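Below is one structure, written out as C-alpha cells; comments come after it.
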Amino acid sequence: MYIRKQRLLTPGPTPLLPAALHAMMGSDIHHRTEDFRKLYKQVLSDLGTVLGTTNDVLVLVASGSGGLEAATQNFFSPGDETLICSAGKFGERWVEIMKAWGMKATVLAAPYGSAVKPEAVEEALAKNPNIKGVFVQASETSTGTQHDVKAMGLAVKKTNALFVVDAITGIGTMPLAIEDWGLDIVIGGSQKAFMIPPGLAFVAISSKAWAVAESATAPRFYFDLKKEKKNAVNGESAWTPNTSLLLALAEALKYIKTLGMDNLIGNAQLLARATREAMKALGLELFSSYPGSSVTSVRPPAGMDSGVIIKEFRTRFNAIITNGQGSMKGQIFRLAHLGYFDFHDLFAVVAELELILAANGHPVRFGSGVAAVQEVYAEAAMLKVPELAVQ
Ligand SMILES: *Cc1c(COP(=O)(O)O)cnc(C)c1O
C-alpha cells in the first residue's frame, strides 16, 4: 500500500490555484452591495488587462458553451449566413449552435488533427459577401490543434463579417492580439487557463460587434449582453452572479497579472514543447499536425487502446488525464499544459507514462522521456533564476 495523491491534469477543469480556492470561502457577501461592486469592477478591469484589450469584457454564469451561445444569439439573426471553421468536436459544437438558432452555416471542415487554412476563409468570404460571421476555435481542445487566428482575423477584418473566436483554451496558451487581429468576439471559460473551477464564461466584444448587435434579432433573455454591459458599468451583473467563483477569479487574475500573461503563455508553450520532445523520445506519435500549447494529443503505441493509459494513470497514480472525445476515444490520450501546470507535473506524468507503457508490454528505456523534458528545461530555464510566481 502506498499513498496516491489525487491530481487533476485535464485540459479543463485544470489544476486549481490554491489562493483562488481559499478565496471562495468568503462567499458570504451580497451582490447588491458596495463590497461586491468593488470586486466585480476589479475583475472586469483585470480581465481586460490580462486579455490585453480595451474592448468590453463581460462575465456570464455559465460554462464556456454558454459564452458560445451568447455570442451567437446577441449578434446574429435567424437566417444569417455564417462560416464555421471546424477541426474537431468544438468546431462541431459551433455548427450545432447555429442549427439551434436558425443560422445558415457553411462549414469549412478539416480532418481531426488538422487545421482549417486561413486562405480557405479568405476564399469563402470573397465568394459570399453575405457571410455575417466567421466562427473558429483558437485552440481545438479535442484534437490539440491550433488555428492561425491572426491570419483569419486579418482577412475577416476587411469585410463586414464578425470574427467570433472560441478562445476557451486559446487564452493563456497562445498570443491573441484581440484588437490588432480583428477578433470581434472572444470567448473564454473559467476552468481552463484561469485556474479556477467551471461556471463562468467571458465574452470580449469589439465596437464593430456592438454596432451589429443593434440589428440582431435572435431572441434572448438570460444571456442579454446589452443588459449585462449596462449593469457592468455600475459594477453589477444583470442576475445573481456566481459570487464564489468571482472571488476565486479575482485571486487568479491577481496571480496572472503578477506572472504576466506573456509568461503564462510561455509556460504553456514550453511545457507543450517539452511534452512533444518526450513523446518523440518514447517513439509515440502526435495526433495533430498543428499542435497548440493548451494540450498535446498523443497516439498510443500500435495495438493499444488509449483508454488503458488513462485508466492506469488513475489506478496506479490517481492522476486524471483525458481520452479522446467521440470517434477519437481510444485513439488518443491528451496531456494538458494550460493554466496552473508546471515542470514538476510534467516530469511525473512522463515518468508515469513510461511505467504504464512498460507494464503493458511496450518496452521503454526508463528515463528516456524524462530526459527529453530535462533537456528542454536545461536549455530554456536552467540558467535563469527562478524568481517567478511561487505560490
Ligand atoms: C472547454 C471548451 C469549451 C466549453 O465547454 P464547456 O463544457 O461548456 O465549458 C468550448 N470550446 C473549447 C475549445 C473548449 O476547450
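First listed ligand is number 1; within each ligand, the first listed atom is number 1. Bear in mind that the values here come from a model prediction, so they are computed numbers and not experimental data.
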Considering only the protein, which heavy-atom contact is closest to [atom], and what is its distance?
| atom | answer |
| --- | --- |
| atom 3 (C) of ligand 1 | Phe90 CE2, 3.4 Å |
| atom 14 (C) of ligand 1 | Lys192 NZ, 3.0 Å |
| atom 11 (N) of ligand 1 | Asp166 OD2, 2.6 Å |
| atom 5 (O) of ligand 1 | Arg93 NH1, 3.4 Å |
| atom 6 (P) of ligand 1 | Ser63 OG, 3.4 Å |

Is there a chain of hydrophobic side chains (I, L, V, M, F, W, Y, each step under 4.5 Å between heavy atoms) that links Phe223 to Trp210?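 Phe223 and Trp210: one cluster.
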
Just heavy atoms, cut-off under 4.0 Å: does Ser139 contact ligand 1 by side chain, backbone, both, or neither?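 The answer is the backbone of Ser139.
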
Under 3.5 Å, is there a donor-acceptor pair between the Thr169 and Ser139 side chains?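 Yes, side-chain donor-acceptor contact under 3.5 Å.
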
Any luck finding a side-chain donor-acceptor pair between Glu236 and Asn231 under 3.5 Å? no

Quick one: which ligand 1 atoms are inside 4.0 Å of a heavy atom on Thr141?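 Matching atoms, with element in brackets: 12 (C), 13 (C), 14 (C), 15 (O).
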
Atoms of ligand 1 close to Ser65 [distance to a heavy atom under 4.0 angstrom, numbered from 1]: 4 (C), 5 (O), 6 (P), 8 (O)

Geometry only, no angles: is Gly64 polar-contacting ligand 1 at N/O separations under 3.5 Å?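 There is such a contact, yes.
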
Do we get Lys104 above Phe76's six-membered ring, with its NZ or CZ under 6.0 Å from the centre and within 45° of the axis?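 Cation-pi check for Lys104 and Phe76: fails.
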
Select the closest option to atom 9 (O) of ligand 1 among Gln191, Glu69, Gln137, judged by heavy-atom distance. Gln191

Ser368 to Ala281 - nearest heavy-atom pair and separation: O-CB, 3.6 Å

Is the gap between the ring centers of Phe163 and Phe135 under 6.0 Å?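 Distance test on ring centres: not under 6.0 Å, no.
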
Would you call Glu140-Lys89 a salt bridge at under 4.0 Å N-O?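 Salt bridge flag = no for Lys89 with Glu140.
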
Any carboxylate oxygen within less than 4.0 angstrom of a Lys/Arg side-chain nitrogen, looking at Glu251 and Lys254?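 Judged by the 4.0 Å cut-off on N to carboxylate O distance, Glu251 and Lys254 do form a salt bridge.
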
Does Gly66 reach ligand 1, in the sense of a heavy atom lying below 4.0 Å from it? no

